[in-house]
Amino acid sequence: MQIHPRIAELRTALSGAGRVAFVPTMGNLHDGHIALMRQARAHADVVVASIFVNRLQFGPKEDFDKYPRTFENDSARLNDAGVDFLFAPDEREMYPSPQRYHVEPDPAHVNILEGAVRPGHFGGVATVVLKLFNIVQPDVALFGKKDYQQLMVLKNMVRELALPIEVVAGETIRADDGLALSSRNGYLSAAERAEAPRLHRQLAMIQRRVGAGERDFLRLETEATAELAAHGWQPDYIAIRQRSDLQAPQGDASLVVLGAARLGNTRLIDNLEI
Ligand code: PAF
């Protein structure tokens, strides 16, 4: 695997490389990221990953400096997964001067769900991803469904700005008990780890019942929220939404159920398409 910290060198290395699949990350990789790298291989001649902890997507109360930086371990895992190129810029390379031009996603897409508790987050994500796309110029880009709202925002950005990139979604990778893999799982105590799959079980229950024809979405959301609260969680939301824009369901739109809740000091998110 070639590692390139500089934009110009990466561009030279990629010129004439053929069809490029790109997986952007902020490092601190787990098996979900590695599954995306392997999936990327099926879409292209070369696989490019990036590791860059993007300051723009952190709010003033979120600790950008404390985000885990595990470069040695991450680059070894990417190499083992068969990634061809790793773009690993530092802050000065990506933001040599303060970034004054930004992507501004539709507020209806970003002021809800995760965006309601992280103002400005998805604008920061969209801005860095557009910049990374301009640097790497991929044919295909892969993002996990675990961050469903991020995936939705980026799909809409690509479509509305007519970027010549196919966005491919990777399935969420789960532990045997259903818990979605996330770097945050490492913060759970043993007792919290045993409790954590309840979030997935509640979403799966809603998936089953809506699949079986139930249409009282508010009741399903309220029941699942109460069940989590009864087991010591602090739920932020359990929401049945349409997949395309995460707005309230209309007509026969394809649906997804999303959940976010705090267990102790750890905030977990998950979702299931219905
Ligand atoms: O999902 C992430 O790790 C980040 O939001 C991304 C897409 C790499 C942008 O910084």
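In each ligand, atom 1 is the first atom listed, and ligand 1 is the first ligand listed.
For residues 7-24, every residue pair satisfying the salt bridge (Lys or Arg N to Asp or Glu O under 4.0 Å) rule, not counting sequence neighbours, is listed here: Arg19-Glu166.
Ionic pairing of Asp216 and Arg219 is not present here: no N-O contact between side-chain nitrogen and carboxylate oxygen is shorter than 4.0 angstrom.
Looking at Phe85 and Val20, their side chains never come closer than 4.5 Å, going by heavy atoms from C-beta outward.
In terms of protein heavy-atom proximity, atom 4 (C) of ligand 1 is nearest to Gln57 NE2, 3.7 Å. Among protein heavy atoms, atom 1 (O) of ligand 1 sits closest to Gln150 NE2, 2.8 Å.
The ligand atoms of ligand 1 that sit less than 4.0 angstrom from a heavy atom of Thr25 are 8 (C). Those atoms of ligand 1 that come under 4.0 Å of a heavy atom in Pro24, given as number and element, are 8 (C). Of all atoms in ligand 1, listed by their number and element, those nearer than 4.0 Å to a heavy atom of Val128 are 9 (C), 10 (O).
A side-chain donor from one of Asn54 and Tyr95 sits under 3.5 Å from a side-chain acceptor of the other.
Counting heavy atoms closer than 4.0 Å to ligand 1, residue Leu132 contributes nothing at all.
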Worksheet item: Would Tyr187 and Glu192 count as a side-chain hydrogen bond (donor to acceptor under 3.5 Å, both in side chains) if you check the C-alpha gap in whole Å, the side-chain angles of each, and the deciding distance to 0.1 Å?
Response: CA-CA 9 Å; Tyr187 302 132; Glu192 289 165 350; over 6 Å; no
